[in-house]
Visitor: 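Pasting in a structure now, in structure tokens, and then I'll have a few things to ask.
A quick note: this is a predicted structure, and the numbers were derived from the prediction, not measured.
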Amino acid sequence: MSSFLAFPVEFIPFVLLVLMISLSVHEFAHAYSADKFGDPTPRSMGRVTLNPMRHLDVFGTLLFVVVGFGWAKPVLVNPSKFRKPRLMNAIVSVLGPISNLILGFIGMVILYVMLNTGVMNSWSKGASDAVMVFLTLFYNLNILLFILNLIPIPPLDGYRILESILPPRIMAKIRPYEQWTVYILLLLVFIPPLYKVTLGPIFSLTIPITHMFEMIIRAIFPF
């Protein structure tokens, strides 16, 4: 494993492919729902698409590979165009993380079915190993993206959800500090002692979510 990457070097192509799919679906979920709720902004900017080139941020993607944390280009939304701005903005914001949770579950289902039906038995070792690595990364990273994006710090979706829930007078006091929060977030990522007491415990929530998914899948597919 490389000393400066979050993943083994041989996994990097799979990680990039997973991110292309997962981040594109995430941003598409925001754009599509905002478009349906009446905001033309995402469509006018070409974001109502699954084309990764419209969604991926080069630096954010590379950072994900290096430290396991990154981002895509945020979808700009104008909540004033919605019939119920606060409610619909919250829905638009939460649909991105939910799309990753659904993708993670689908990835686990596919891997579980393939492992328990012997569908890969006739495959070469290289092909079966590649599929297993991809699907394992696929469900793990999507569950991670679900958790990560619910953290209530800008520019993450959790903050947009918070905006729609908290009274405007409270948000007015918080907004002046928005420009600094991304730096605080990066400090939490890059300083190990801070990471261990902040983001570490949050990201460890991937474990109970994975276990919950496993229980559901075993109940649905009792092989």
Side-chain angles (χ1 to χ4, degrees), residues 15-65 67-108 137-166 171 174 178 181-182 185-186 189 199 202-203 205-206 209-210 212-213:
V15 172
L16 292 174
L17 181 57
V18 168
L19 290 176
M20 284 177 61
I21 298 170
S22 306
L23 294 176
S24 297
V25 170
H26 178 110
E27 299 303 332
F28 171 78
H30 289 316
Y32 180 81
S33 56
D35 183 66
K36 288 299 179 182
F37 284 156
D39 179 15
T41 308
R43 184 170 294 278
S44 69
M45 300 183 72
R47 302 301 298 276
V48 188
T49 177
L50 288 170
N51 181 357
M53 301 305 294
R54 302 299 256 168
H55 299 300
L56 295 184
D57 178 273
V58 175
F59 180 72
T61 303
L62 290 176
L63 195 61
F64 216 120
V65 172
V67 299
F69 171 91
W71 52 78
K73 296 175 184 175
V75 171
L76 298 182
V77 174
N78 183 359
S80 66
K81 300 291 185 179
F82 299 150
R83 185 165 54 88
K84 296 181 178 180
R86 289 171 67 84
L87 173 61
M88 292 181 171
N89 190 48
I91 294 173
V92 168
S93 299
V94 79
L95 282 177
I98 287 178
S99 72
N100 292 125
L101 189 65
I102 293 171
L103 286 178
F105 181 74
I106 291 172
M108 286 192 70
L137 285 169
F138 189 82
Y139 78 72
N140 275 314
L141 288 178
N142 271 288
I143 293 173
L144 178 64
L145 284 169
F146 166 72
I147 295 171
L148 168 64
N149 279 285
L150 288 179
I151 297 175
I153 298 177
L156 303 175
D157 297 322
Y159 183 74
R160 301 306 166 198
I161 298 169
L162 201 65
E163 276 186 318
S164 303
I165 296 173
L166 291 179
M171 285 308 305
I174 296 175
E178 285 183 6
T181 52
V182 67
L185 194 58
L186 289 174
V189 171
L199 297 180
I202 294 174
F203 291 158
L205 292 173
T206 56
I209 293 176
T210 300
M212 180 186 67
F213 279 177

Visitor: What is the minimum heavy-atom distance between S164 and A90, and which atoms define it?
Guide: OG-N, 3.4 Å
Visitor: Working to the nearest 0.5 Å, report the span between CG of N142 and OG of S99.
Guide: 7.5 Å
Visitor: Can you sort out the partners of V189 under side-chain contact (heavy atoms from CB on, under 4.5 Å), two or more places apart, ordered by chain and number?
Guide: V67, F69, L199
Visitor: Walk me through whether L23 and W71 qualify under side chain to side chain contact (heavy atoms under 4.5 Å, CB included).
Guide: CA-CA 8 Å; L23 294 176; W71 52 78; over 6 Å; no
Visitor: Just so I know, are the side chains of L56 and M20 near enough to count as touching, which here means a heavy-atom distance under 4.5 Å?
Guide: yes
Visitor: Rounded to the nearest 0.5 Å, how far apart are NE2 of H55 and OG of S22?
Guide: 12.5 Å
Visitor: Would you say the side-chain atoms of H26 and D157 include a donor-acceptor pair closer than 3.5 Å?
Guide: yes
Visitor: How about F105 and L101: do any of their side-chain heavy atoms sit closer than 4.5 Å?
Guide: no
Visitor: Quick one: are L156 and L185 in side-chain contact, heavy atoms under 4.5 Å?
Guide: yes
Visitor: Just how far is it from atom OG1 of T206 to atom CG of L148, taken to the nearest 0.5 Å?
Guide: 12.0 Å
Visitor: Kindly indicate whether the side chain of I143, heavy atoms from C-beta on, has any atom under 4.5 Å from the side chain of N100.
Guide: no
Visitor: Give every residue pair that meets the salt bridge (charged side-chain N to carboxylate O under 4.0 Å, His left out) criterion with at least one member in residues 19-43, sequence neighbours excluded.
Guide: D35-R43
Visitor: Any non-hydrogen side-chain atom of N89 less than 4.5 Å from a side-chain atom of I161?
Guide: no
Visitor: Just verifying a value: how many Å separate L19 CG and L62 CG, rounded to the nearest 0.5 Å?
Guide: 10.0 Å
Visitor: Excluding sequence neighbours, so at least two apart, what forms side-chain contact (heavy atoms from CB on, under 4.5 Å) with L162?
Guide: P152, L166
Visitor: Would one find more than 12 heavy atoms of other residues, nucleotides or ligands at under 6.0 Å from atom OH of Y32?
Guide: no
Visitor: Any donor and acceptor pair, going by atom type alone, linking the side chain of S24 with main-chain N or O of I21 inside 3.5 Å?
Guide: no
Visitor: Within a reach of under 6.0 Å around NZ of K81, are more than 12 heavy atoms found that belong to other residues, nucleotides or ligands?
Guide: no
Visitor: Residues two or more places apart in sequence or in another chain: which of them pass salt bridge (Lys or Arg N to Asp or Glu O under 4.0 Å) with R86?
Guide: none
Visitor: Just jot down the salt bridge (Lys or Arg N to Asp or Glu O under 4.0 Å) partners of R47, sequence neighbours excluded, or say none.
Guide: none
Visitor: What heavy-atom pair brings D57 and A72 nearest, and what distance separates the two atoms?
Guide: CB-C, 3.9 Å
Visitor: Can you find a heavy atom in the side chain of F64 that is under 4.5 Å from one in the side chain of L16?
Guide: no
Visitor: Compare all side-chain heavy atoms of I147 with those of I209 and state whether any distance is below 4.5 angstrom.
Guide: yes
Visitor: Do you know the tightest heavy-atom contact between L95 and A29?
Guide: O-CB, 3.7 Å
Visitor: Could you pull out all residues at least two apart from Y159 that satisfy side-chain contact (heavy atoms from CB on, under 4.5 Å)?
Guide: P154, E163, M171, I174, R175, E178
Visitor: Considering only heavy atoms from C-beta outward, does the side chain of H30 approach that of V77 to under 4.5 Å?
Guide: no
Visitor: Working to the nearest 0.5 angstrom, can you tell me the gap between I91 CD1 and L87 CG?
Guide: 4.0 Å
Visitor: Yes or no on side chain to side chain contact (heavy atoms under 4.5 Å, CB included) for T210 and Y139, after CA distance, side-chain angles and deciding distance?
Guide: CA-CA 9 Å; T210 300; Y139 78 72; 4.2 Å; yes
